[in-house]
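Notes follow the structure.
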Amino acid sequence: RKEVEQDPGPFNVPEGATVAFNCTYSNSASQSFFWYRQDCRKEPKLLMSVYSSGNEDGRFTAQLNRASQYISLLIRDSKLSDSATYLCVVIGNAGGTSYGKLTFGQGTILTVHP
Amino acid sequence: DAGVTQSPTHLIKTRGQQVTLRCSPKSGHDTVSWYQQALGQGPQFIFQYYEEEERQRGNFPDRFSGHQFPNYSSELNVNALLLGDSALYLCASSLGPPDEQFFGPGTRLTVL
């Protein structure tokens with residue numbers, strides 16, 4: 001089983017749509033969680049951190065469910081510029097073998113069309 | 001304030017050759033991590049350097065080695081290149097406990 005699993009998509013949605021991505025992780029001791037965005041042939045860039053209480057940044061909302069080891073990202077009112085690959089990322093706990101390294105999911109491809 | 005820089009941007013090698021990739025971290029950062037990203041996949045952790053020592057290592061063979069210099073810059077070396085080593089190699093830097101890592105633009109390696 002992969003440490004971090006995502007539905008690779010692709011997701012094709014019209015402008016203005018709401019789209020949700022899901023991610024599961026296998027290590028229950030994982031400490032930190034993030035969503036990164038990667039444009040075609042570019043480096044990944046941090047989109048937002050994910051907390052158990054949930055967090056929102058404009059049109060983007062991230063949620064963490066530790067009991068189910070599940071992370072989600074919701075994008076409302078999709079824009080053409082949201083087209084990218086969205087990567088779910090997990091960091092292991094301090095003192096563990098995964099501490100400090102980012103473990104990425106495969107990435108979910110989103111295409112927003114006019 | 002310069003971000004993470006990597007060189008070269010592109011590289012073509014043949015099987016069996018050796019390659020060295022270079023990374024300069026973001027100003028003020030002391031930790032450098034290297035990742036390999038194959039086409040259509042998420043980045044895979046290779047190793048991480050802090051205080052000039054390898055602190056963490058992923059599931060990569062010994063053909064992959066690295067170094068960190070006193071100025072915190074880093075090199076990734078790959079020996080006896082295989083076709084499967086063709087990928088985008090990403091360097092990320094951070095300060096201390098690396099929760100937030102900043103990525104460089106990557107080096108795209110093609111092995112023929």
Side-chain angles (χ1 to χ4, degrees), chain A residues 1-10 21 23-27 30-51 55 57 64 71 73 84-110, chain B residues 3-7 9-10 21 23-26 29-51 53-60 66 68 86-110:
Chain A
R1 181 186 175 187
K2 290 183 179 179
E3 290 184 69
V4 180
E5 295 202 61
Q6 289 181 253
D7 178 351
F21 305 138
C23 169
T24 58
Y25 60 96
S26 61
N27 183 355
S30 296
Q31 172 178 293
S32 304
F33 310 88
F34 306 91
W35 284 100
Y36 274 71
R37 170 193 168 126
Q38 186 172 26
D39 293 301
C40 187
R41 304 184 75 82
K42 299 284 190 179
E43 73 272 23
K45 293 186 177 178
L46 179 66
L47 179 64
M48 58 197 308
S49 302
V50 189
Y51 308 114
N55 52 309
D57 182 3
L64 166 64
I71 306 161
L73 176 69
T85 297
Y86 290 83
L87 296 156
C88 174
V89 181
V90 173
I91 295 183
N93 58 312
T97 57
S98 298
Y99 180 59
K101 75 172 193 182
L102 303 183
T103 300
F104 287 81
Q106 179 181 1
T108 298
I109 298 171
L110 171 66
Chain B
V4 181
T5 59
Q6 291 186 244
S7 63
T9 54
H10 294 83
L21 311 181
C23 171
S24 290
K26 185 177 168 64
H29 285 182
D30 58 7
T31 302
V32 173
S33 303
W34 287 92
Y35 296 82
Q36 180 196 66
Q37 186 174 24
L39 198 61
Q41 301 296 317
Q44 298 294 309
F45 176 76
I46 303 175
F47 41 53
Q48 183 180 90
Y49 279 85
Y50 173 69
E51 292 187 340
E53 290 191 358
E54 184 181 288
R55 182 163 69 175
Q56 286 265 24
R57 189 177 181 93
N59 295 324
F60 278 80
Q68 186 178 36
S86 295
L88 178 66
Y89 288 85
L90 294 159
C91 167
S93 76
S94 55
L95 177 62
D99 264 16
E100 182 171 359
Q101 298 186 10
F102 293 81
F103 284 84
T107 293
R108 191 163 297 279
L109 173 65
T110 302

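Of the atoms belonging to A:Q38, it is side-chain heavy atoms, and not backbone ones, that fall under 4.5 Å from chain B.
Taking CD from B:Q101 and CZ from A:F34, the interatomic distance works out to 8.5 Å, rounded to the nearest 0.5 Å. In this structure, CG in A:L46 is found 7.5 Å from CZ in B:F102, a value given to the nearest 0.5 Å.
Proximity of a side-chain donor or acceptor of B:Y35 to a complementary backbone N or O of A:L102 within less than 3.5 Å is detected.
The shortest heavy-atom contact between A:L87 and B:G42 is CD2-CA, 4.1 Å. Minimum interatomic distance between A:P44 and B:L90 (heavy atoms only, all atoms of both residues): CD-CD1, 3.8 Å.
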